Amino acid sequence: MSAALSRFIRIPELLTALVDFLGPQELARLMLTCRYVKAICEPVLYHHLDLTFHPGRTNLLLTPKAKGALMKNISSVHSLTFGRKELPYLFNALFVFYPPARTLSRGYSPLLQALSVQMTSLTRLEVCLRGRTLDGNPDPFPLPPTPNDPRGRLRRLFRIIDASPSLQELDVEGLPIISGIDFLEWQRTIGKLSELRSLYVSILIWSSKVSKRWLREWSNLLAVCPPSIREFEVYRVYFRSPGHEDDFDHYQRSWDDDHDDAGVMMTVAKKILPGRFDDLTRLDIHRDPNDESTTTTDLWQILEGCPNVDSLQLSGFRSGMGGFDLASVIMTGCPSLKRLMYDATSSPVDSNVPFRLMSIMQNDNQIEELVLDALSLNESFLPVARMGLQKHAESLRVIRLSNCFDNQPSRHIALILTECGSLEEFDVLPTEDYIESCIDLIDAVAIRPWACTKIRRLLLGVAIPVLPGYPSHVAPPVGIPFYKRSPPVHLTDTEAKHLGLLERLYQQIGALKELRVLDLRVCVATGPPPRLSSRKWNLGRDSFPALLNLENTDTGRPGYLSLLGGLTFLEELRGSVCLTTPECKVTVGFPEARWMNGNWPNLRVAGFFLKGDKPNKPFVWLTKQPRKAKLELTATGLAHS
């Protein structure tokens, strides 16, 4: 070791600053230099731990040596992640088998040792108690203790949280609650965390008793949080909900005979008064539709104690309950509101509440994000929607719509595109399988140009008519499609009309020069306003006519790919852009691949081929060209936000 290097590592401050820039492998190699360096670097390896099983990765809970090293450095852990299978092993390592018996004095008490274990540096804890599949990999934990003891699992989790007095962020997914006793113990556990800043919990509910008094239980949980709490997102999920079937099967056997609270019920106040939280900025409030004991008056009492909330998620409330208008209650209780997540599933008649709220707010250009679920939008809501969108057109950055299929919000989608000039993200595709919301082609091109020229992420379904010769869900193709006709190609009046509208749509999209992510999907319409032929996407069959091919002047075949030449920042292209559709197999080749290579230099993900498809030669050539990032030609699912 050189003299300069020796002097460097002998200065603890410099060495500590250095390790912050090193990854786990570099740290492990640095630790091999000498014992002095190892003593400083070893605790850093345990700052951020993910104990969740991942195939091919070593798990610190599977060998005695690894568990011993973990327990030696447990006070250095800052961030910890684990799942349901790892919970009993971590609990045993913390409170049962540590320290080794041979090091203990004669007067050792396991209870005293368990009480003495403290993860004093732990500030972030993330736990997933839901079941998970291993995708064919061998189970590293084949014999978890007490597999049908969910309450035992809760007690272990509560004990680990009790041993983490410095927690600031707590994220628990799939917390099982059977009765008021479980909720009461959960509240006591949270009440001990004096430094808690963020609480994110999804609670699996079995008992209808707990569900019907949910808002009061929720309020009691908020009341025990420290005044410094900033983000509070606690919501319920029923065991029989989609995606939780494994949890239902797992817990059913142990809870079938335990449907009551064993004589112990939660003591709740007659009024919901959780206290005052001036630092709280993010709040998630859900009311059970069957709970007739809580109204908008209770919502007003909650919001009155949280005057600085700027992000609000709301569901289950109805206007007029308790004599108050829902939009007015939100406006008065959240004067600093910037982000609103609103679910109208239980009250479709209140689907215009978000837009009415924006229209009556005292300040213009305040709302920045809207996430709207299950809105039943109709023509009568358009004036209020236009007023609200215009009032906040310069501040709105993100809008997401989901579950709006039954009443197609085509006119409302068009209104957003033409009014919100500062919009950066617009998602109208909540699922990758089913069509829930789309815009009619006529509405998409009715106003030119779109105002949202700053948009960077666009997920949109467009309902287009079926052209002659194109397949649809309801009937086989009729006639010969224009791209298969012998040259020169002559378009019928119907084809010319529809392709003219599509050209205007492609021009609108091509003008969005800041676009990074584009997921554009075809909704085949068999009639107005629009009537869709299927509720499922068919990316391997449906495509946007002439979108992905260049115009062929020799044959007269139309092509509009050149209209997208302005999307030079495009990184992801998904949706109905599959090159294995009947049209693209005929029209897309080397000229289009060369054009994309020259005009889309930043493209790294494109859904040109479905899973299992073999890319054709032009696009194999495209992947081999020098680019800023490797190009992936198979893109499944929706783009991540």
Side-chain angles (χ1 to χ4, degrees), residues 287 289 295-296 299 312-332 337 340-362 364-367 369-393 395-396 398-421 423 426-430 435-447 450-452 460-463 523 525 527-532 535:
R287 173 189 169 274
T295 66
T296 49
L299 175 63
L312 178 65
Q313 185 166 346
L314 200 65
S315 68
F317 288 90
R318 298 194 301 270
S319 285
M321 295 176 57
F324 290 94
D325 175 69
L326 185 55
S328 301
V329 168
I330 300 173
M331 179 199 69
T332 308
L337 188 65
L340 176 64
M341 286 70 73
Y342 182 76
D343 184 353
T345 303
S346 61
S347 182
V349 296
D350 289 323
S351 294
N352 65 336
V353 165
F355 301 114
R356 192 167 74 249
L357 168 65
M358 291 193 298
S359 66
I360 64 176
M361 292 182 71
Q362 295 181 355
D364 294 350
N365 298 313
Q366 179 174 319
I367 298 294
E369 180 176 349
L370 280 178
V371 180
L372 309 177
D373 188 24
L375 297 189
S376 180
L377 300 174
N378 54 55
E379 298 293 324
S380 63
F381 293 162
L382 276 174
V384 177
R386 179 176 288 105
M387 186 183 305
L389 291 172
Q390 289 177 347
K391 190 169 184 177
H392 300 268
S395 61
L396 272 170
V398 179
I399 298 180
R400 294 188 176 93
L401 299 178
S402 62
N403 301 316
C404 301
F405 183 85
D406 291 335
N407 292 279
Q408 284 293 338
S410 178
R411 297 284 298 277
H412 291 79
I413 295 174
L415 187 64
I416 292 171
L417 292 171
T418 54
E419 295 291 348
C420 302
L423 200 62
F426 187 31
D427 294 3
V428 201
L429 296 177
I435 304 172
E436 295 181 349
S437 305
C438 66
I439 184 173
D440 187 18
L441 178 61
I442 298 295
D443 292 331
V445 300
I447 300 179
W450 291 346
C452 53
L460 185 64
V462 183
C523 312
R531 186 182 303 117
L532 304 182
R535 286 197 174 191

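What you see below is based on every heavy atom in this structure, not just the backbone, and it leaves out hydrogens, waters and symmetry mates. Everything quoted here is computed from the prediction, not taken from an experiment.
To the nearest 0.5 Å, the span separating CD1 on Ile360 from CD1 on Ile330 amounts to 9.0 Å. For the atom pair CD of Glu369 and CG of Leu340, the computed distance is 9.5 Å after rounding to the nearest 0.5 Å. Note: Leu401 CG to Leu370 CG = 8.5 Å, rounded to the nearest 0.5 Å. Atoms CG and CD1, on Leu417 and Ile439 in that order, are 5.5 Å from each other to the nearest 0.5 Å.
Evaluation of the side-chain hydrogen bond (donor to acceptor under 3.5 Å, both in side chains) rule for Ser328 yields Asp325 as partners, not counting sequence neighbours. Every residue two or more places apart in sequence or in another chain that forms a side chain to side chain contact (heavy atoms under 4.5 Å, CB included) with Gln390 is listed here: Arg386, Glu419. In terms of the side-chain hydrogen bond (donor to acceptor under 3.5 Å, both in side chains) criterion, Ser395 has no residue partners (sequence neighbours excluded). Under the side-chain hydrogen bond (donor to acceptor under 3.5 Å, both in side chains) criterion, Asp373 pairs with Ser402, Asn403, not counting sequence neighbours. Under the side-chain hydrogen bond (donor to acceptor under 3.5 Å, both in side chains) criterion, Gln362 pairs with no residue, sequence neighbours left out. The side chain to side chain contact (heavy atoms under 4.5 Å, CB included) check on Val384 picks up Phe355, Arg356, Ser359, with sequence neighbours excluded.
Using a 4.5 Å heavy-atom cutoff, the side chains of Leu357 and Leu337 are in contact. Put simply, the side chain of Val462 reaches to within 4.5 Å of the side chain of Leu460, judged on heavy atoms. Using a 4.5 Å heavy-atom threshold, the side chains of Phe426 and Ile413 count as touching. The closest side-chain heavy-atom distance from Lys391 to Asn365 is not below 4.5 Å. At a threshold of 4.5 Å between non-hydrogen side-chain atoms, the residues Met358 and Gln366 do not count as touching. Taking the side chain as every heavy atom from C-beta outward, Leu314 and Met341 never approach each other to under 4.5 Å. You'll find the side chain of Leu375 stays beyond 4.5 Å of the side chain of Phe381, heavy atoms only.
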(message) One pair to check against side-chain contact (heavy atoms from CB on, under 4.5 Å): Cys438 and Val428. What are the steps and the verdict?
(response) CA-CA 7 Å; Cys438 66; Val428 201; over 6 Å; no
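The minimum heavy-atom distance linking Pro354 with Ser351 is given by the pair CD-O, 3.5 Å. Ser315 approaches Asp343 most closely through the heavy-atom pair CB-CB, 3.5 Å. For the pair Tyr342 and Phe317, the tightest heavy-atom approach, listed with the atom from each and the gap, is OH-O, 4.4 Å.
Side-chain atoms of Ser410 come within 3.5 Å of backbone atoms of Asp440 as a donor-acceptor pair (strictly under, hydrogens ignored). No donor-acceptor pair under 3.5 Å is formed between the side chain of His412 and the backbone N or O of Ala385. A donor-acceptor pair is defined here as one N or O able to donate and one able to accept, closer than 3.5 Å; no such pair exists between the side chain of Thr332 and the backbone of Val329. Not a single donor-acceptor pair under 3.5 Å links the side chain of Trp450 to the backbone N or O of Ile416.
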